[in-house]
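A short write-up of the structure that comes next.
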Amino acid sequence: MTAEKRRWRNSLVWRVTGNSVLLSLGIIWLVGSALLSQISTGIFNEKLNNSISDSETSARSIEVQIAVAQFQNDAAVKKSVDQMISIASLNGATAGREIALLHFPVVKPVTNNLERTSNLLSPASVPDSLRTLVRTKTGSHWERTKIRYLGGKVEDGIAVGSRIEIPRAGTYELYFLYQLNSQANTVNLIRTSLWFTGLALLILIGLVTWLVIRQVVIPIREAAEIAEQLSAGDLGRRMEVHGENEIARLGSSFNEMALSMQQQISRLENLSRLQQRFVSDVSHELRTPLTTIRMASEVINASRGSFNSKVARSAELLIAQIDRFERLLADLLEVSRFDAEAAVMVTEPVDIIQLLKRTVDYLHPSRDKIIHIYSPLEPVIIDADSRRIERIFRNLITNALDHCEGEPIDITIVESEDAVAIGVRDYGVGFQEKDSARLFDRFWRADPARARVRGGTGLGLSIALEDAKLHHGTLEAWGRLRRGAHFVLTIPKSAGVEIVSHPIPVLPPSELSPILFETDDEEL
Amino acid sequence: MTLIMVVDDDQDLAEMLGIVLTGAGFEVDLVNRGDEVMDLFRAQTPDLVLLDVMLPGINGNEVARLIREESMVPIVMLTAKGDTHDVVLGLEAGADDYMVKPFNPSELVARIKTRLRRVISETAGGLKIGDIAIDQLAHSIMREGKVIPLTRLEFDLLVALAKEPGRVFTREALLNEVWGYRHATDTRLVNVHVQRLRSKVETDPENPELIVTVRGVGYKAGVPGSKEQ
């Protein structure tokens, strides 16, 4: 159904051509039928008039001959009638005329039957209805009929009849039958030529419509193709404009639109390039003095032992704050890189389990491990940017360590056909349900009054989210106050493919059953 | 005395680098312009070059290329941009290692020491990888009697792989062993240098047989002709 519809929609040319051919067919049919019926009626009427006048003339001449002749006996009557019939028959042979002399049944002569027909004409050729009419009313009458011969031949024709008085023989009915052969042939010829003319007209109309519509549709199709190319990013494409008609106007306004779009986009691109340039320059300009400061502070810190306690503490604070400043700068630059859409992914096959274990060892190398990793035994190798994935891990684990309050942290890796999910669950302070949406906002803090923990930059989670998005993955969070939090990262195994499955649900299994009491719990 | 040439246009940073490096026991030559490097380099023949990327005159990547044309001296780039593109450009120009500003001075000293260290193997005997003979004493490699010139880093990388022929090295293990990184996942460094090394030692760098990629893990020394992937 949709495919059918699409084919129609795809071809305006065929639809319009088809419709116009159908309409033309109807019109040609109507006009042709009317024409044909008028012509055939005309031809028939002319023949009828001719036939009636011919029959009246012939009948009168026969009547005159009979009136003139003085019959001595029945045989003479018979002979004379025979003669007249055959002469009349001969006269009318070229016009396809037949004659039938039939007996008027009221007074039936027993001895001398003068009934005659010409050329083996069957008396049944004269319809009974006409005979009744002739018997009841004087004058000549006509009717259409089938002319039948004794040999079995049947012809279309007109029968014209009248009464005739024959001395010594009584009243007879005289019928002239006219064949309609030539008229039927003419009508047939006209019908055939009408058929052919109609057909030719139809084909021509179809062809002309097709050509005309194509003239209109081709520029439209071209416009559509160019619009597709424009939206695919080829901003330099333009329509060709010929002449000054409506199509040309469509073309030129289309081109104007494309031009202003191109200008707008290149303006935005310029802005974005400026922004990137600015970020890059700031990066260089800030980092070089920071490097000097950092090295100077390390040198100062190295000889801390010779300072008095206040100066020594100041040196420590200096170092710590330079570290923090450095992290903040790095995170800000990363964020602005995302904003400028200048973040580049470098994917390669990477074992996600190895990567996670290394990150955990780095962040939390102590012996009394509170981080537990639950992962498949086999390596899980995916196509990803290892630097970014590691940064997500680092941000999630640092966040968990900051908020776990000494409770253990569970990290789970589950893979599915197309994706791999990493869940980081802690049982610490958690956060309110309503905050889960704002958690990834930049510099967002659950409780503004609460002291900063461990000097995080406030950008970690938002960068992690951007990194996940860059991988076409998701980063979700679940949390409840004092019941901990659960962060789930899901990324596709092949870079850039949309994920279908989520191997780890963000709602932790341990939270499934007491869900009914949750709202009450929150209110307390 | 070990001579380190520091090329940086920021005078304060250059001076600070001088303080830190002399404190670590090195001798330091300071250069402020890219186009002054080559003359001084030829005159002084430093043991290592610390090279900033943004330089007046000629930029750092171009300087690295010029140095590589006539010397295998270790080059460490100092870059303000940690973007993959910038890093790879420097490495491809011939730098052995890079440090993103702002770096930790002790980390810098550790990296410089790694780059300068001579690996003295216990077994002075020749190592082999495929049809290439490695002479660890002379620090050179040969194929069919012909010496293939390698940078010290490329040599170290090849030796690391050749010493344990069956072992698959993760990129992190190589970073640790060859570059002296304690914790890093910067695989770009390894990837670029493996490419450079392949282009020098492989007969067909497109289908490497000596340094084989193990998908998702890292690299290992291959046995030519065995067709293992």
Side-chain angles (χ1 to χ4, degrees), chain A residues 276 279-299 301-303 319 322-323 325-327 329-330 333-334 337 342-346 348-355 358-359 361-363 365 379-391 393-394, chain B residues 8-24 50 52-55 78-88 99-109 168 170-173 175-176 181-192 194 213-218:
Chain A
Q276 273 170 258
V279 166
S280 152
D281 289 352
V282 164
S283 146
H284 188 253
E285 296 305 323
L286 274 181
R287 281 177 183 211
T288 304
L290 188 60
T291 314
T292 315
I293 295 172
R294 170 135 201 202
M295 281 197 288
S297 73
E298 297 280 350
V299 170
N301 197 42
S303 41
I319 294 251
I322 289 170
D323 279 349
F325 187 81
E326 211 184 292
R327 277 202 306 274
L329 179 66
L333 287 174
E334 196 59 43
R337 221 173 268 145
V344 187
M345 276 243 291
V346 183
E348 60 191 346
V350 49
D351 179 2
I352 210 88
I353 298 176
Q354 272 297 317
L355 192 64
R358 229 175 25 240
T359 314
D361 285 346
Y362 173 70
L363 292 173
V380 178
I381 294 169
I382 64 165
D383 261 338
D385 187 330
S386 58
R387 206 170 56 91
R388 294 187 187 280
I389 298 291
E390 195 218 358
R391 186 161 61 196
F393 287 169
R394 212 165 48 217
Chain B
D8 201 310
D9 64 321
D10 189 294
Q11 306 231 354
D12 294 338
L13 177 60
E15 191 185 342
M16 198 64 233
L17 278 167
I19 293 172
V20 167
L21 293 176
T22 30
L50 265 186
D52 190 12
V53 179
M54 303 264 265
L55 286 174
L78 302 177
T79 172
K81 303 179 199 167
D83 289 349
T84 299
H85 175 68
D86 305 292
V87 168
V88 169
M99 301 213 66
V100 178
K101 296 176 186 178
F103 42 80
N104 186 326
S106 48
E107 174 91 18
L108 176 70
V109 171
V168 178
T170 62
R171 292 179 176 85
E172 291 71 28
L175 279 173
N176 191 310
Y181 283 27
R182 270 160 296 174
H183 171 83
T185 47
D186 196 339
T187 52
R188 300 172 291 196
L189 205 54
V190 185
N191 295 348
V192 172
V194 166
T213 305
V214 182
R215 203 186 110 88
V217 187

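Throughout, a chain's letter reflects where its sequence line sits, starting with A, and its residues are numbered from 1. What you see is a predicted model; the values in this text were computed from it and never measured.
The backbone N or O of A:Glu285 sits nowhere less than 3.5 Å from a side-chain atom of A:Thr288 that would complete a donor-acceptor pair. In this structure, A:Asp351 contributes its side chain and A:Val380 its backbone to a donor-acceptor pair below 3.5 Å. Remark: side-chain polar atoms of B:Arg171 are not paired, donor with acceptor, to backbone N or O of B:Arg188 under 3.5 angstrom.
Within the 4.5 angstrom heavy-atom criterion, only side-chain atoms of A:Val346, from C-beta onward, approach chain B. Residue contact with chain A, scored on non-hydrogen atoms closer than 4.5 Å, is absent for B:Leu78. For B:Asp10, the part lying under 4.5 angstrom from a heavy atom of chain A is the side chain only. For B:Asn104, the parts sitting under 4.5 Å from any heavy atom of chain A are the backbone and the side chain alike.
Residues A:Leu355 and A:Thr359 come closest through the heavy atom pair O-OG1, 2.6 Å.
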